[in-house]
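Numbering of residues begins at 1 and proceeds along the displayed sequence. Keep in mind that this is a model prediction, so the values were computed, not measured.
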Amino acid sequence: QVQLVESGGGLVQAGGSLRLSCAASGGTLTWLNMGWFRQTPGKDRDFVATISRSGGSTYYADSVKGRFTISRDNAKNTVYLQMNSLKSEDTAVYYCAGAGGIGVVTTGRVEYWGKGTLVTVSS
């Protein structure tokens, strides 16, 4: 089955940028709708962004719209999250996720989760 591994997290100053990557192994992610989610201690895992199989459709949480961009390169079996104008509120563990079927990737229908990568934004 598909395994997802996130990378690119780290410490960044407010206003800075960071790009997260999600690499898939064990199979192609071409058939999967992909998404990014984030979670802070004691809170639910929140939706950040999702992208369709072909990359033709994207959807973002209001909190990141205009600052974050999700993209995918199916030839490289990789999904990205470009994060710009980072705020302290963006601090969280970011998770890559994949789901088949149709439509937006939601926590309830995720089939594959990555293990997460920590993003810390200092102010």
Side-chain angles (χ1 to χ4, degrees):
Q1 63 175 5
V2 176
Q3 292 83 47
L4 303 176
V5 180
E6 303 94 337
S7 63
L11 177 65
V12 63
Q13 292 184 327
S17 298
L18 208 60
R19 189 177 79 159
L20 305 183
S21 297
C22 174
S25 63
T28 178
L29 51 67
T30 303
W31 65 280
L32 293 172
N33 303 287
M34 300 297 295
W36 287 95
F37 298 79
R38 64 188 183 185
Q39 187 170 25
T40 54
K43 298 182 180 179
D44 292 335
R45 190 167 296 184
D46 294 329
F47 169 78
V48 175
T50 188
I51 188 167
S52 61
R53 292 180 177 87
S54 67
S57 298
T58 58
Y59 183 76
Y60 300 90
D62 288 342
S63 58
V64 306
K65 193 174 298 181
R67 299 188 297 118
F68 291 10
T69 302
I70 187 171
S71 62
R72 67 192 299 162
D73 187 338
N74 288 340
K76 295 181 179 180
N77 230 18
T78 303
V79 178
Y80 305 95
L81 184 68
Q82 178 66 47
M83 305 184 293
N84 298 325
S85 301
L86 284 162
K87 306 174 181 179
S88 59
E89 306 96 277
D90 296 317
T91 296
V93 175
Y94 283 72
Y95 297 89
C96 178
I102 301 171
V104 174
V105 177
T106 60
T107 55
R109 76 180 197 88
V110 169
E111 297 175 42
Y112 303 98
W113 285 107
K115 294 182 179 180
T117 185
L118 177 63
V119 172
T120 302
V121 183
S122 62
S123 60

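- Scanning for side chain to side chain donor-acceptor pair (under 3.5 Å) contacts around D62 gives K65, with sequence neighbours left out.
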Just distance, no hydrogens or angles: give the donor-acceptor pairs under 3.5 Å from side chains in residues 22-35, sequence neighbours left out.
{"from": "T28", "atom 1": "OG1", "to": "T30", "atom 2": "N", "distance (Å)": "3.1"}
{"from": "T28", "atom 1": "OG1", "to": "T30", "atom 2": "OG1", "distance (Å)": "2.7"}
{"from": "W31", "atom 1": "NE1", "to": "T28", "atom 2": "O", "distance (Å)": "3.1"}
{"from": "N33", "atom 1": "ND2", "to": "A99", "atom 2": "O", "distance (Å)": "3.3"}
{"from": "N33", "atom 1": "ND2", "to": "G100", "atom 2": "O", "distance (Å)": "3.3"}
{"from": "N33", "atom 1": "ND2", "to": "G101", "atom 2": "O", "distance (Å)": "3.3"}

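- A heavy-atom distance below 4.5 Å is not found between the side chains of Q39 and T107.
- Legend: residues meeting side chain to side chain donor-acceptor pair (under 3.5 Å) with Q82, ordered by chain and number and at least two apart, are N84.
- Cluster membership check: F68 does not share its hydrophobic cluster with V105, using side-chain heavy-atom separations under 4.5 Å among Ile, Leu, Val, Met, Phe, Trp and Tyr.
- Residue pairs meeting the salt bridge (Lys or Arg N to Asp or Glu O under 4.0 Å) criterion with at least one member in residues 99-112: none, sequence neighbours excluded.
- Shown here are the salt bridge (charged side-chain N to carboxylate O under 4.0 Å, His left out) partners of R67, two or more places apart in sequence or in another chain: D90.
- Cluster membership check: L18 shares its hydrophobic cluster with Y60, using side-chain heavy-atom separations under 4.5 Å among Ile, Leu, Val, Met, Phe, Trp and Tyr.
- Screening residues 81-104 for ring pair (Phe, Tyr, Trp, His ring centres under 6.0 Å) gives no qualifying pairs among residues at least two apart or on separate chains.
- A donor-acceptor pair under 3.5 Å is formed between the side chain of D73 and the backbone N or O of A75.
- Annotation: ring pair (Phe, Tyr, Trp, His ring centres under 6.0 Å) contacts of W113 (sequence neighbours excluded): F37.
- Looking at T91 and T40, their side chains never come closer than 4.5 Å, going by heavy atoms from C-beta outward.
- Here the OG-CG distance, from S123 to L86, works out to 12.5 Å after rounding to the nearest 0.5 Å.
- In plain terms, the two heavy atoms of S17 and S85 that are nearest each other are OG-N, 4.4 Å.
- Cluster annotation: L20 and I51 are assigned to the same hydrophobic cluster (Ile/Leu/Val/Met/Phe/Trp/Tyr, side-chain heavy-atom contacts under 4.5 Å, transitive).
- Under the 4.5 Å side-chain criterion, counting only non-hydrogen atoms from C-beta, R38 is in contact with S63.
- Atoms CD1 and OG, on I70 and S52 in that order, are 9.5 Å from each other to the nearest 0.5 Å.
- Using a 4.5 Å cut-off on side-chain heavy atoms (C-beta onward), T106 and F47 make no contact.
- Residue pairs meeting the disulfide (SG to SG under 2.5 Å) criterion with at least one partner in residues 41-80, sequence neighbours excluded, are absent.
- Follow the hydrophobic side-chain contacts under 4.5 Å out from W36 and you reach V64 in the same cluster.
- The local environment of OH in Y59 is sparse, with at most 12 non-hydrogen atoms from other residues, nucleotides or ligands closer than 6.0 Å.
- For the residue pair N74 and R72, the shortest heavy atom distance occurs at OD1-NE, 2.8 Å.
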Using distance only, find each side-chain donor-acceptor pair of residues 3-13 under 3.5 Å and give its atom names and separation, not counting sequence neighbours.
{"from": "Q3", "atom 1": "NE2", "to": "Q1", "atom 2": "O", "distance (Å)": "2.5"}
{"from": "E6", "atom 1": "OE1", "to": "K115", "atom 2": "N", "distance (Å)": "3.0"}
{"from": "E6", "atom 1": "OE1", "to": "G116", "atom 2": "N", "distance (Å)": "2.8"}
{"from": "E6", "atom 1": "OE2", "to": "C96", "atom 2": "N", "distance (Å)": "2.7"}
{"from": "E6", "atom 1": "OE2", "to": "G116", "atom 2": "N", "distance (Å)": "3.2"}

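- Identified under the disulfide (SG to SG under 2.5 Å) test for residues 24-64, with sequence neighbours left out: none.
- In the hydrophobic clustering, Y80 connects to no other residue, as no ILVMFWY side-chain heavy atoms lie under 4.5 Å from its own.
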